[in-house]
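Below is one structure; the comments refer to it alone.
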Amino acid sequence: QVQLVESGGGLVQTGGSLRLSCAASGRTFSAYAMGWFRQAPGKEREFVATIAWSGTSSYYADSVKGRFTISRDNAKNTVYLQMNKLKPEDTAVYYCAAREGRMAADEYEYWGQGTQVIVSS
């Protein structure tokens, strides 16, 4: 079992930045690929970014590419999502997730409770 707790959400103006954190506990953090997802009101949850267990590989949804950066610190059991140049359409609840094996855009086994991000226009 892996427990995930997100933090760092909040209210920010268009063009601003936020950094989300996700602290993991339980089984060996470095054994898991990690991902960030988001769900906007009235919409389905969507993939945002994923990073390999080693931290050396990652990929992003087209909607955030060039603006968001996923990273991880295995010594701190934490994954981050640096969000720059935020837009109102980035408003959503953001979730981190963990999966065994390779990084991917789906099929995650463990999920956090989410953190709200609101981008004002």
Side-chain angles (χ1 to χ4, degrees):
Q1 286 281 347
V2 176
Q3 293 78 44
L4 304 171
V5 178
E6 302 96 334
S7 61
L11 174 64
V12 64
Q13 291 186 332
T14 296
S17 298
L18 280 175
R19 188 176 81 155
L20 306 183
S21 299
C22 174
S25 60
R27 297 184 65 184
T28 305
F29 176 70
S30 59
Y32 292 85
M34 300 297 295
W36 285 97
F37 295 76
R38 67 186 182 186
Q39 187 167 20
K43 295 187 177 181
E44 293 187 352
R45 187 165 58 194
E46 65 174 0
F47 166 75
V48 174
T50 183
I51 188 166
W53 67 269
S54 63
T56 57
S57 299
S58 60
Y59 66 87
Y60 301 86
D62 288 343
S63 58
V64 306
K65 200 173 295 181
R67 300 188 298 123
F68 291 11
T69 303
I70 188 171
S71 61
R72 66 190 294 163
D73 185 338
N74 287 344
K76 295 183 178 179
N77 289 357
T78 302
V79 63
Y80 304 97
L81 186 67
Q82 178 67 44
M83 306 186 294
N84 298 329
K85 301 179 182 178
L86 283 161
K87 305 174 182 179
E89 51 263 45
D90 294 318
T91 294
V93 177
Y94 283 71
Y95 300 89
C96 74
R99 72 187 302 274
E100 294 188 55
R102 296 181 297 175
M103 60 179 183
D106 57 12
E107 298 183 349
Y108 281 73
E109 294 132 348
Y110 304 102
W111 294 85
Q113 83 290 347
T115 185
Q116 177 75 58
V117 172
I118 300 173
V119 184
S120 63
S121 57

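Legend: residues meeting side-chain hydrogen bond (donor to acceptor under 3.5 Å, both in side chains) with N84, ordered by chain and number and at least two apart, are S17, Q82. Applying the side-chain hydrogen bond (donor to acceptor under 3.5 Å, both in side chains) rule to D62 yields the partners K65; only residues at least two apart in sequence or on another chain are considered. For S54, the side-chain hydrogen bond (donor to acceptor under 3.5 Å, both in side chains) partners at least two apart in sequence or on another chain are T56. Remark: S25 pairs with Q3 by the side-chain contact (heavy atoms from CB on, under 4.5 Å) rule, at least two apart or across chains. Partners of S30 under the side-chain contact (heavy atoms from CB on, under 4.5 Å) rule, at least two apart in sequence or in another chain, are T28, N74. Evaluation of the side-chain hydrogen bond (donor to acceptor under 3.5 Å, both in side chains) rule for E46 yields R38 as partners, not counting sequence neighbours.
Hydrophobic clustering, defined by side-chain heavy atoms of Ile, Leu, Val, Met, Phe, Trp and Tyr closer than 4.5 Å, groups L86 together with V2, L4, V12, L18, L20, F29, Y32, M34, W36, V48, I51, Y60, V64, F68, I70, V79, L81, M83, Y94, Y110, V117, V119.
Distance CD/Q116 to CG/L11: 10.0 Å, rounded to 0.5 Å.
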Stepwise, does the ring pair (Phe, Tyr, Trp, His ring centres under 6.0 Å) test hold for F47 with Y59?
CA-CA 10 Å; F47 166 75; Y59 66 87; 5.5 Å; yes
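Residue pairs that meet the disulfide (SG to SG under 2.5 Å) test with at least one member in residues 5-96, sequence neighbours left out, are C22-C96. Among pairs with a residue in residues 35-64, none fulfils disulfide (SG to SG under 2.5 Å), at least two apart in sequence or across chains. Residue pairs meeting the salt bridge (charged side-chain N to carboxylate O under 4.0 Å, His left out) criterion with at least one partner in residues 67-87, sequence neighbours excluded, are R67-D90. Applying the salt bridge (charged side-chain N to carboxylate O under 4.0 Å, His left out) definition to pairs two or more places apart or across chains, none involves residues 2-16.
Taking both residues in full, the closest heavy atoms of A23 and T78 are given as CA-OG1, 4.2 Å, listed atom of the first, atom of the second, then distance. Closest heavy-atom contact between Y108 and A33: CE2-O, 4.1 Å.
Residue V93 is not grouped with residue I118 when hydrophobic side chains (ILVMFWY) are merged at heavy-atom distances under 4.5 angstrom, including chains of intermediate members. Note: the hydrophobic cluster containing W53 does not contain F37 (ILVMFWY, side chain heavy atoms under 4.5 Å, direct or indirect links).
In this structure, Q1 contributes its side chain and G26 its backbone to no donor-acceptor pair below 3.5 Å. Using a distance-only test at 3.5 Å, with no hydrogens or angles considered, no donor-acceptor pair links the side chain of Q13 to the main chain of S121.
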